[in-house]
Amino acid sequence: MQSVGICGSDVHYWKRGAIGDFIVRAPMVLGHESSGKVIKLGPNVKNLKEGDRVTIEPGVPCRRCDFCKTGRYNLCPDVVFLATPPVHGSIARYHTHAADFCFKLPDHVSYEEGAFCEPLSVGVHACRRAGVSIGAKVLITGAGPIGLVSMLSAKAMGADTIIMTDISQSRLDFAKKIGASYVLLADSDPQKTAQMITETLGCMPNISIECSGAESSIQTAFYATVSGGVVVLVGLGRPLASLPIVNAAIREIDIRGVFRYANCYPAALSLIASGRIDVKPLITHRFGISESVQAFEMAESGQAIKVMIQCGNEIQQ
């Protein structure tokens, strides 16, 4: 292993020991945003060779169920996903993985950028689910790492205007710096925030991508989206939420869920390799594998965008 990014889910397992029904019942290695160097191959592997630098898609499905056969393998009930109990993650010096879920890195793409294919794939999948295309006007609620990669993905897919909301002005300032068209500090009243969004854009967005999981932000996305538009739910908050469902129903708002991603790693890697998306500014802190506790403390503090743990000695920033 070379570079592994810390995800919010890693921090959640570290501090709380569970996410919904996924409960840590025994010591578990964390980490699933990963890249590394191939040092050994199984006898039937044809797509890789020793010495290849790869990004690692962390979820390996059964390949046999209906979800897998129809291309929605992220919904496979038997998927083995790194750092999801009881499966160990990849913050380690060595890791064994399915060859068909490893993707070669071009020479000019660093290990850190390779690890960033994982969160970027979430953004790509969210935008595909939302139907982002040329000319789209997009609202993204939540300016954390997933909100940021969703914004970058939407821009790369042709969105005309992107407005982002958050309760942190510093996060909004960063979002504006790396490409958001507009940023807006969210009000405590979701309907007021929705009104401010319309006033700022001069219209209602036709797509809203909710990346915070906060109930008020989900409500804002519902109120703000134009009739006939799409709301995509990426952020995971409380299991039950109070939502303006009648408002959404009578305005024919399409509500779509997002769970991880499927068939997005090649696109994410292409976006990085081509330079259409630059993820390097999002990597704000780096730690060695022996400093993993400090790395998790930094990730939990809210001061970082993306924390990288350097597991190997071939790090290319």
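Position 1 is the first residue of the sequence; numbering continues from there.
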Taking atom [atom1] as the centre, does [X] end up with more than 12 heavy-atom neighbours from other residues, nucleotides or ligands that are less than 6.0 angstrom away?
X: Leu240; atom1: CG; result: no
X: Leu236; atom1: CG; result: no
X: Lys37; atom1: NZ; result: no
X: Ile167; atom1: CD1; result: no
X: Glu199; atom1: CD; result: yes

Is [X] salt-bridged to [Y], cutoff N-O under 4.0 Å?
X: Asp52; Y: Lys49; answer: yes
X: Glu50; Y: Lys40; answer: no
X: Asp66; Y: Arg72; answer: no
X: Arg256; Y: Asp254; answer: yes
X: Glu112; Y: Lys306; answer: no

Parallel, tilted or perpendicular, judged at 30° and 60°: which one describes the rings of His95 and His97?
tilted
Test your reading of the model: is there a side-chain donor-acceptor pair from [X] to the backbone of [Y], 3.5 Å cut-off?
X: Asn247; Y: Pro244; answer: no
X: Asp187; Y: Lys192; answer: no
X: Ser35; Y: Tyr111; answer: yes
X: Glu300; Y: Glu297; answer: no
X: Ser217; Y: Thr141; answer: no
X: Arg93; Y: Gly312; answer: no
X: Thr198; Y: Ala194; answer: yes
X: Glu215; Y: Ser242; answer: yes

Evaluation steps, side chain to side chain donor-acceptor pair (under 3.5 Å), between Gln219 and Ser216:
CA-CA 5 Å; Gln219 293 171 354; Ser216 59; over 6 Å; no
Quick one: pull up [atom1] in [X] and [atom2] in [Y] and give me the separation to the nearest 0.5 Å.
X: Asp100; Y: Lys46; atom1: CG; atom2: NZ; result: 14.0 Å
X: Ile56; Y: Glu33; atom1: CD1; atom2: CD; result: 12.0 Å
X: Phe296; Y: Asp10; atom1: CZ; atom2: CG; result: 4.5 Å
X: Ile309; Y: Leu30; atom1: CD1; atom2: CG; result: 8.5 Å
X: Thr220; Y: Ile197; atom1: OG1; atom2: CD1; result: 6.0 Å
X: Thr200; Y: Gln195; atom1: OG1; atom2: CD; result: 10.5 Å

May I ask whether [X] and [Y] are part of the same hydrophobic cluster, defined by side-chain heavy atoms of I, L, V, M, F, W, Y residues being less than 4.5 angstrom apart, directly or through others?
X: Val258; Y: Ile253; answer: no
X: Tyr265; Y: Val80; answer: no
X: Leu243; Y: Ile255; answer: yes
X: Ile163; Y: Val231; answer: no
X: Leu282; Y: Met164; answer: yes

Mind checking salt bridge (Lys or Arg N to Asp or Glu O under 4.0 Å) for Asp189 and listing every partner two or more places apart, or none if nothing turns up?
none
Show me the side-chain donor-acceptor pairs of residues 223-230 shorter than 3.5 Å, one per line, residues at least two apart or across chains.
residue: Thr225; atom: OG1; partner: Ser208; partner atom: OG; Å: 2.7
residue: Thr225; atom: OG1; partner: Ala221; partner atom: O; Å: 2.6
residue: Ser227; atom: OG; partner: Arg251; partner atom: NH1; Å: 3.4

Where [X] and [Y] come nearest, the two heavy atoms and their spacing:
X: Leu41; Y: Val38; value: CD2-CG1, 3.4 Å
X: Ile162; Y: Lys155; value: CD1-CG, 3.3 Å
X: Arg171; Y: Pro145; value: NH1-CD, 3.6 Å
X: Gly59; Y: Pro61; value: O-CD, 3.6 Å
X: Gly144; Y: Asp166; value: N-OD2, 4.2 Å
X: Gly71; Y: Ala262; value: O-CB, 3.8 Å

Given Arg64 and Asp78, is the salt bridge (Lys or Arg N to Asp or Glu O under 4.0 Å) satisfied, shown in steps?
CA-CA 10 Å; Arg64 296 182 298 274; Asp78 296 318; over 6 Å; no
Sequence neighbours excluded, every pair satisfying ring-ring contact (aromatic ring centres under 6.0 Å, His included) that has a member inside residues 18-53
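Sorted pair list: His32-Phe81.
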Would you mind listing every ring-ring contact (aromatic ring centres under 6.0 Å, His included) that reaches into residues 33-77, with sequence neighbours excluded?
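Listed once each, the pairs are Tyr73-Phe101.
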Start with the C-alpha gap between Glu210 and Ser212, add the side-chain angles, then the distance that decides, and say whether side chain to side chain donor-acceptor pair (under 3.5 Å) holds.
CA-CA 6 Å; Glu210 206 299 299; Ser212 74; 2.5 Å; yes
Test side-chain contact (heavy atoms from CB on, under 4.5 Å) on Val232 and Ile207 and set out the steps.
CA-CA 8 Å; Val232 171; Ile207 292 170; 5.6 Å; no
Please report the C-alpha distance between Ile91 and Met1 in whole Å, then the side-chain angles of each, then the deciding distance to 0.1 Å, and finally whether the side-chain contact (heavy atoms from CB on, under 4.5 Å) criterion is met.
CA-CA 8 Å; Ile91 300 176; Met1 298 306 300; over 6 Å; no
Stepwise side-chain contact (heavy atoms from CB on, under 4.5 Å) check, Phe287 with Gln310:
CA-CA 6 Å; Phe287 295 84; Gln310 300 172 345; over 6 Å; no
Where do Ile178 and Met151 land on the side-chain contact (heavy atoms from CB on, under 4.5 Å) test, with the steps shown first?
CA-CA 9 Å; Ile178 66 169; Met151 180 269 291; 3.6 Å; yes
Mind listing the side-chain donor-acceptor pairs of residues 114-138 below 3.5 Å, one per line with the distance, residues two or more places apart or on another chain?
residue: Glu118; atom: OE2; partner: Tyr261; partner atom: OH; Å: 2.8
residue: Ser121; atom: OG; partner: Cys117; partner atom: O; Å: 2.7
residue: Arg128; atom: NH1; partner: Asn263; partner atom: O; Å: 3.0
residue: Arg129; atom: NE; partner: Gly257; partner atom: O; Å: 3.0
residue: Arg129; atom: NH2; partner: Gly257; partner atom: O; Å: 3.0
residue: Lys137; atom: NZ; partner: Asp160; partner atom: OD2; Å: 3.4

Show me the donor-acceptor pairs within less than 3.5 Å that the side chains of residues 266-276 make with the rest of the protein, sequence neighbours left out.
residue: Ser274; atom: OG; partner: Ser270; partner atom: O; Å: 2.9
residue: Ser274; atom: OG; partner: Leu271; partner atom: O; Å: 3.3
residue: Ser274; atom: OG; partner: Arg276; partner atom: N; Å: 3.4
residue: Arg276; atom: NH2; partner: Ala156; partner atom: O; Å: 2.4

